[in-house]
K.L.:
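Sharing a structure, written as structure tokens. Questions coming.
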Amino acid sequence: MHLLLTGGAGFIGQHVLAALLRRGHAVRVLDSLRPDVHRAEQAWTPPAGVELHRADMRDAAAVEAALAGVQGVVHLAAKVGLGVDIGDMPDYASSNDAGTAVLLAAMARRGVARLTLASSMVVYGEGFGLCPEHGAVRPAPRREAALAAGDFEPPCPHCGRSLGPDLVQEAAPPDPRNAYATSKLAQEFYAANWARSTGGAVAMLRYHNVYGPGMPRDTPYAGVASIFTSALRAGRAPRVFEDGGQRRDFIHVRDIAAATVAACERHGEGVAAFNVGSGTPRTVGEMAAALSRALEGPAPLVTGEYRLGDVRHITASSERLRQRLGWQPEVGFEAGMAELAQAPG
Ligand SMILES: NC(=O)c1ccc[n+]([C@@H]2O[C@H](COP(=O)([O-])OP(=O)(O)OC[C@H]3O[C@@H](n4cnc5c(N)ncnc54)[C@H](O)[C@@H]3O)[C@@H](O)[C@H]2O)c1
Ligand SMILES: [Zn+2]
């Protein structure tokens, strides 16, 4: 297919680009090379045969030009990050939501009917836990006194009992907790509006904790891996907060790229959301241990420190993606962490 890949110069985008080219697609990249992502001295040059349109998603004329002759769009361009500062709200809303709206309107004008959208697990907020009595519930906020006493599991909001693990499904109600999460969810809604009114198809990929070569250091996703690796390289033990039992779904960026390509090629009709995770929850403590084995460094130090507001667990079921799109992850946790530990930077 002739495809437009937005955000193709970014961390995930570069892996998606390589995977699309390996599959024989003709790819054009639109990316603004945001200065907060791309430092000036590391100018990004596309691989041979790939046209780079250096432009912003909000530039309607540039987006329309980039869509010429294209049959499908893979939309990854977005302002990513923690979004903890309320002052960042306009940039998230504008870069991510206005940008997506401009893209969708241009696709409608150009008759481009297939979209693969990079969404995120952050749309679920704190996820769900299982209460023996009340079933799947949203965890109540964890209290400072409980955390200080080393009681880290979030309580059931109804009876206060500790919640067991649950895997979030795509039908779970969204609960975005910050500007970034809100902007990702709004992208999904705009894309669904577009698909329903134009007859287009959109696959919304809710990526979980993506890690791997080229990973930025300060994302809400796997940034802690960089902190652990830096400590180990300096000969220090990685310091693990709480009791190290925080569960996440870490997924390697090459598996993310393969899932994105599968959705782009195989999702031809309607609106569907897909969790994209390994399907095997791991703890932050296990990640620290895998990194210290790979670097032959000191064993992790579990400190019991905590930050109020940290999410205890967030793990997903990625069965829908496996079943409908025939995808499965290929990079094992231990091998993926070893590769990350050895990566430069
Ligand atoms: N990294 C993760 O773990 C993760 C998890 C879930 C979802 N996602 C989503 O995956 C996508 C890619 O994330 P990433 O980690 O590769 O981020 P990244 O910052 O490395 O890459 C994003 C790219 O988009 C470009 N860009 C940003 N705003 C733009 C705009 N307005 N116009 C044109 N280009 C613009 C940037 O220059 C950059 O090259 C994003 O949509 C993000 O929300 C990432
Ligand atoms: Zn309960």
Side-chain angles (χ1 to χ4, degrees), residues 4-17 29-39 42 44 46 52-59 62-63 66 74-83 91-103 116-124 129-140 154-164 180-181 183-188 191 204-212 214-225 248-253 255-257 259-260 275-277 314 316:
L4 174 64
L5 169 64
T6 76
F11 161 49
I12 297 173
Q14 295 190 47
H15 290 271
V16 170
L17 176 58
V29 168
L30 185 143
D31 197 302
S32 62
L33 304 179
R34 274 185 77 109
D36 56 354
V37 179
H38 301 270
R39 275 177 275 132
Q42 314 173 305
W44 186 77
L52 169 65
H53 288 220
R54 182 171 181 180
D56 194 282
M57 294 306 304
R58 292 159 287 189
D59 178 344
V63 170
V74 181
H75 181 34
L76 266 58
K79 174 178 166 65
V80 187
L82 286 164
D91 196 9
Y92 283 105
S94 176
S95 295
N96 299 358
D97 299 331
T100 298
V102 166
L103 171 68
T116 308
L117 173 70
S119 183
S120 171
M121 59 150 193
V122 295
V123 301
Y124 298 119
L130 275 184
C131 170
E133 190 183 337
H134 298 100
V137 291
R138 280 199 191 284
C156 172
H158 308 297
C159 66
R161 267 185 264 183
S162 283
L163 296 173
Y180 169 62
S183 75
K184 295 309 288 180
L185 184 62
Q187 288 187 313
E188 289 196 8
M204 307 181 296
L205 303 181
R206 294 176 181 159
Y207 298 157
H208 279 254
N209 294 76
V210 188
Y211 73 94
M215 185 172 76
R217 296 183 161 269
D218 52 354
T219 68
Y221 299 111
V224 69
R248 296 289 185 273
D249 190 327
F250 298 105
I251 172 145
H252 194 277
V253 66
D255 285 330
I256 285 280
T260 307
N275 286 329
V276 190
I314 175 110

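We count ligands from 1, going down the list as the structure has it; atoms in each ligand are counted the same way.
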K.L.:
So, taking the atom named OG in S119 and the one named CD in E188, what distance separates them when rounded to the nearest 0.5 Å?
P.N.:
3.5 Å
K.L.:
Report, in ascending order of atom number, the atoms of ligand 1 lying under 4.0 Å from any heavy atom of S120.
P.N.:
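In order of numbering, the contacting atoms are 6 (C), 7 (C).
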K.L.:
Can you find a heavy atom in the side chain of S95 that is under 4.5 Å from one in the side chain of R34?
P.N.:
yes
K.L.:
Between I314 and R248, is any pair of side-chain heavy atoms under 4.5 Å apart?
P.N.:
yes
K.L.:
Side chain, backbone, both or neither: which part of K184 has a heavy atom under 4.0 Å from ligand 1?
P.N.:
side chain
K.L.:
Within the side chain of D56, is there an N or O that forms a donor-acceptor pair under 3.5 Å with the backbone of S32?
P.N.:
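No.
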K.L.:
Roughly how far, to the nearest 0.5 Å, is the CE atom of M121 from the CG atom of L205?
P.N.:
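The CG atom of L205 sits 14.5 Å away from the CE atom of M121.
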K.L.:
Starting at CG of D36, measure out to CG of D91 and round the result to the nearest 0.5 Å.
P.N.:
7.5 Å
K.L.:
I'd like to check V253 versus I12 (side-chain heavy atoms, cut-off strictly below 4.5 Å). Are they in contact?
P.N.:
yes
K.L.:
Begin from the C-alpha positions of F11 and V80 and carry the test side chain to side chain contact (heavy atoms under 4.5 Å, CB included) through to its verdict.
P.N.:
CA-CA 11 Å; F11 161 49; V80 187; over 6 Å; no
K.L.:
For ligand 1, is G99 a contact, meaning one of its heavy atoms is under 4.0 Å away?
P.N.:
no
K.L.:
Purely on distance, is any nitrogen or oxygen of V80 under 3.5 Å from one on ligand 1?
P.N.:
no
K.L.:
Work out whether the distance between some heavy atom of H208 and some atom of ligand 1 is less than 4.0 Å.
P.N.:
yes
K.L.:
For the aromatic rings, using the six-membered ring if either is Trp, is the centroid distance between F250 and H208 under 6.0 Å?
P.N.:
no
K.L.:
Assess whether side chain to side chain contact (heavy atoms under 4.5 Å, CB included) is satisfied between L30 and M57, documenting all intermediate values.
P.N.:
CA-CA 8 Å; L30 185 143; M57 294 306 304; 3.6 Å; yes
K.L.:
With a 4.5 Å heavy-atom cut-off, do T116 and H75 have their side chains touching?
P.N.:
no
K.L.:
How does V37 reach ligand 1, by side chain, by backbone, by both or by neither, if only non-hydrogen atoms under 4.0 Å count?
P.N.:
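For V37, only side-chain atoms sit under 4.0 Å from ligand 1.
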K.L.:
Round to 10° and report the angle made at the Zn ion (ligand 2) by SG of C131 and SG of C156.
P.N.:
110°
K.L.:
Identify, by atom number and element, the atoms of ligand 1 in contact range of A118, meaning under 4.0 Å from any of its heavy atoms.
P.N.:
10 (O), 11 (C), 41 (O)
K.L.:
At a 4.0 Å threshold, what atoms of ligand 1 neighbour a non-hydrogen atom of A77?
P.N.:
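Every atom of ligand 1 under 4.0 Å from some heavy atom of A77: 24 (O), 26 (N), 34 (N), 35 (C).
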K.L.:
Under 2.8 Å from the Zn ion (ligand 2), can any N, O or S atom of H158 be found?
P.N.:
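Checking H158: none of its N, O or S atoms is under 2.8 Å.
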K.L.:
Have a look at ligand 1 and work out which part of L33, if any, has a heavy atom under 4.0 Å from it: side chain, backbone, both or neither.
P.N.:
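Only the backbone of L33 comes within reach of ligand 1.
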K.L.:
Could you check whether any side-chain N or O of T6 sits under 3.5 Å from a backbone N or O of L76, counting only pairs where one atom can act as donor and the other as acceptor?
P.N.:
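Judged by distance alone, yes, a pair lies under 3.5 Å.
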K.L.:
Report yes if I12 has an N/O atom closer than 3.5 Å to an N/O atom of ligand 1; otherwise report no.
P.N.:
yes
K.L.:
With respect to Y207, determine whether any N or O atom, backbone or side chain, lies less than 3.5 Å from an N or O atom of ligand 1.
P.N.:
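No: no nitrogen or oxygen of Y207 is under 3.5 Å from one in ligand 1.
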K.L.:
What are the atoms of ligand 1, with element, lying closer than 4.0 Å to any heavy atom of L76?
P.N.:
11 (C), 12 (C), 40 (C), 41 (O)
K.L.:
Tell me whether D31 has any N or O atom under 3.5 angstrom from an N or O of ligand 1.
P.N.:
yes
K.L.:
Restricting to N/O/S, name the atom of H134 that gets closest to the Zn ion (ligand 2).
P.N.:
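In H134, the N, O or S atom with the shortest distance to the Zn ion (ligand 2) is ND1.
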K.L.:
Answer side chain, backbone, both or neither: which part of Y180 comes under 4.0 Å from ligand 1, heavy atoms only.
P.N.:
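Only the side chain of Y180 comes within reach of ligand 1.
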K.L.:
Test of understanding: given a 4.0 Å heavy-atom threshold, classify the contact between H38 and ligand 1 as side chain, backbone, both, or neither.
P.N.:
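Answer for H38: side chain.
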K.L.:
Check whether any side-chain heavy atom of D31 sits under 4.5 Å from a side-chain heavy atom of H38, and report yes or no.
P.N.:
yes
K.L.:
Can you find an N/O atom of M57 closer than 3.5 Å to an N/O atom of ligand 1?
P.N.:
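Yes, M57 has an N/O under 3.5 Å of an N/O on ligand 1.
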K.L.:
Show the atoms of ligand 1 that are less than 4.0 angstrom away from any heavy atom in G7.
P.N.:
23 (C), 24 (O)
K.L.:
If we only count heavy atoms from C-beta on, is the P132 to R161 side-chain gap below 4.5 Å?
P.N.:
yes
K.L.:
What do you reckon, does S94 put a non-hydrogen atom under 4.0 Å from ligand 1?
P.N.:
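Under 4.0 Å: no for S94.
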K.L.:
In this structure, does ligand 1 have an atom that sits under 4.0 Å from one of the heavy atoms of G8?
P.N.:
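Heavy atoms of G8 never come under 4.0 Å of ligand 1.
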K.L.:
Hey, does M121 come in under 3.5 Å of ligand 1, counting only N/O atoms on both sides?
P.N.:
no
